[in-house]
Amino acid sequence: MTAGKMNTTHPQKTSKRASYLYILLTNTGTAFSRLIQSFTNAPYNHASISLDPELNELYSFGRKTARNPLNAGFIQEDVYHGTYSYYQHTSCIVLRLKVTHKEKDAVRAAIRVFEQNKELYSYNLIGLIGVLMNRELGIQHARFCSEFVAEVLGKGGLNLWDSRPSALVTPHHFYEHPRLEKMYEGRLTDYPELDAMKLYHAQANRYQTRTAALKVN
């Protein structure tokens with residue numbers, strides 16, 4: 001009788017490490033930010049979602065160029081070389097949301113759909129008026145920042161508000177939500193998870209660019 005082979009196949013182990021999403025709320029202090037703040041009276045008026053604590057995969061709806069708030073839509077934000085780099089005194093709070101791996105993958109997939117169709121989307125200025133009126137004014141291919149964050153969370157099964165539609169979610173709603181854990185609050189450039197070398201090089205590049213512009217003028 002021949003002995004059968006022992007089954008050495010083991011079931012694949014599922015990682016027990018916690019998974020997180022990160023919500024970045026900011027105030028750049030620009031004229032547009034001050035205008036919004038005059039209506040909301042909230043400390044932060046822009047919301048972004050990040051897939052990592054270092055803010056390398058950071059997404060929102062906002063200005064595509066630093067100097068033109070009207071040219072806005074879906075963006076992957078860059079804290080080193082993007083719009084934030086022009087506003088060194090940007091204040092922020094980083095909030096952490098504990099999720100399952102499945103939920104995080106679903107949120108990532110929802111963001112990818114926006115990314116793949118980014119040319120279709122614009123900034124939902126009318127929606128901001130709707131927020132002030134407490135009236136949902138959703139537009140098919142337009143979002144404002146916190147509306148976008150709430151929407152992709154919802155598509156990941158993370159409906160943080162039972163009865164509030166994403167078009168009525170403001171950055172302050174994230175700020176006050178009990179499920180979101182405060183990780184850091186202060187100046188964005190002082191956030192300890194950022195890469196100090198990248199910050200240094202970005203600042204050096206801005207200085208060189210400004211110096212060159214002064215010489216030309």
Side-chain angles (χ1 to χ4, degrees), residues 21-50 58-77 82-84 86-87 89-97 103 106-107 110-111 113-115 117-182 185 188:
L21 291 167
Y22 302 84
I23 309 298
L24 173 69
L25 306 180
T26 54
N27 184 351
T28 58
T30 63
F32 187 66
S33 295
R34 292 196 301 272
L35 175 63
I36 294 176
Q37 195 170 28
S38 68
F39 290 104
T40 64
N41 199 32
Y44 304 105
N45 42 58
H46 181 68
S48 313
I49 184 168
S50 179
L58 182 68
Y59 303 93
S60 189
F61 268 66
R63 61 180 74 191
K64 296 180 180 180
T65 57
R67 303 302 183 187
N68 186 1
L70 298 180
N71 179 21
F74 173 83
I75 50 173
Q76 179 171 357
E77 296 179 312
T83 297
Y84 288 125
Y86 288 87
Y87 304 103
H89 297 289
T90 294
S91 58
C92 78
I93 185 169
V94 179
L95 305 168
R96 187 171 75 169
L97 176 63
E103 288 168 337
V107 170
I111 293 172
V113 172
F114 277 96
E115 188 173 38
N117 299 281
K118 60 184 177 182
E119 299 305 323
L120 294 176
Y121 287 94
S122 60
Y123 193 85
N124 188 9
L125 282 170
I126 293 176
L128 292 180
I129 297 172
V131 170
L132 297 176
M133 299 168 57
N134 197 33
R135 180 180 175 186
E136 185 178 0
L137 296 177
I139 299 178
Q140 183 178 7
H141 289 121
R143 304 288 188 276
F144 55 83
C145 60
S146 50
E147 177 186 15
F148 161 74
V149 175
E151 182 175 330
V152 294
L153 287 174
K155 289 182 176 179
L158 297 158
N159 297 299
L160 301 183
W161 297 273
D162 293 334
S163 58
R164 182 176 295 277
S166 58
L168 291 180
V169 173
T170 69
H172 201 62
H173 287 120
F174 290 107
Y175 183 79
E176 293 184 321
H177 202 285
R179 278 192 63 183
L180 294 169
E181 176 189 0
K182 175 182 169 182
E185 186 167 22
L188 179 58

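In this chain, residues are counted from 1 in sequence order.
- The environment of CG in N68 is crowded: more than 12 heavy-atom neighbours from other residues, nucleotides or ligands sit within 6.0 Å.
- Here the straight-line distance linking atom CG of L25 with atom OH of Y175 works out to 9.0 Å at 0.5 Å rounding.
- With rounding to the nearest 0.5 Å, the separation of CG in L153 from OG in S146 is 11.0 Å.
- To the nearest 0.5 angstrom, Q76 atom CD is 8.5 Å from K118 atom NZ.
- Looking at S60, its side chain does come within 3.5 Å of a backbone N or O of A47 through a donor-acceptor pair.
- For the pair L158 and L97, the tightest heavy-atom approach, listed with the atom from each and the gap, is CD1-CD2, 4.3 Å.
- By the salt bridge (Lys or Arg N to Asp or Glu O under 4.0 Å) test, E136 is found to be paired with no residue, residues two or more places apart in sequence or in another chain being considered.
- Remark: E103 pairs with T100 by the side chain to side chain donor-acceptor pair (under 3.5 Å) rule, at least two apart or across chains.
- The aromatic rings of F114 and F148 sit perpendicular, their planes meeting at an angle over 60°, well past the 30° parallel limit.
- Contact between S122 and F61 at its shortest, heavy atoms only, is O-CE2, 3.4 Å.
- A donor-acceptor pair under 3.5 Å is absent between the side-chain atoms of N117 and the main chain of L120, judged by distance alone.
- Using modelled atom types, one finds no donor on one side chain facing an acceptor on the other under 3.5 Å when comparing Y22 with E181.
- Here the closest heavy-atom approach between residue L24 and residue C92 is recorded as CD1-CB, 3.8 Å.
- Of all heavy-atom pairs spanning E147 and R143, the tightest one is OE1-CA, 3.3 Å.
- Shown here for R63 and F32, the closest heavy-atom pair between the two residues is NH2-CB, 3.9 Å.
- The OG1 atom of T30 sits 10.0 Å away from the CD atom of Q37 when rounded to the nearest 0.5 Å.
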Can S48 and Y59 be said to form a side chain to side chain contact (heavy atoms under 4.5 Å, CB included), step by step?
CA-CA 6 Å; S48 313; Y59 303 93; over 6 Å; no
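- When side chains are defined from C-beta on, Y44 counts as touching I93, because their heavy atoms get closer than 4.5 Å.
- Atom CD1 in I129 sits 11.5 Å away from atom CZ in F144 (nearest 0.5 Å).
- One side chain, T28 or S33, offers a donor N or O that lies under 3.5 Å from an acceptor on the other.
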Apply side chain to side chain donor-acceptor pair (under 3.5 Å) to residues E77 and H46 and explain how you reach the verdict.
CA-CA 12 Å; E77 296 179 312; H46 181 68; 2.9 Å; yes
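- A 6.0 Å sphere centred on CD1 of I126 holds no more than 12 heavy atoms belonging to other residues, nucleotides or ligands.
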Would you give me the side-chain donor-acceptor pairs under 3.5 Å for residues 159-172, sequence neighbours excluded?
from, atom 1, to, atom 2, distance (Å)
R164, NH1, L168, O, 3.2
T170, OG1, H172, N, 3.3
T170, OG1, H173, N, 3.4
T170, OG1, H173, ND1, 3.0
H172, NE2, E176, OE2, 3.3

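- Taking CZ of R179 as the reference point, atom CD1 of I23 lies at 11.0 Å (rounded to 0.5 Å).
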Set out, in order, the CA-CA distance, both residues' side-chain angles and the distance that settles side chain to side chain contact (heavy atoms under 4.5 Å, CB included) for I111 and I49, then state yes or no. CA-CA 10 Å; I111 293 172; I49 184 168; 4.1 Å; yes
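- For the 3.5 Å distance criterion, the side chains of T26 and Y84 qualify, holding a donor opposite an acceptor.
- In terms of modelled atom types and a separation under 3.5 Å, the side chain of Y123 and the main chain of F74 share no donor-acceptor contact.
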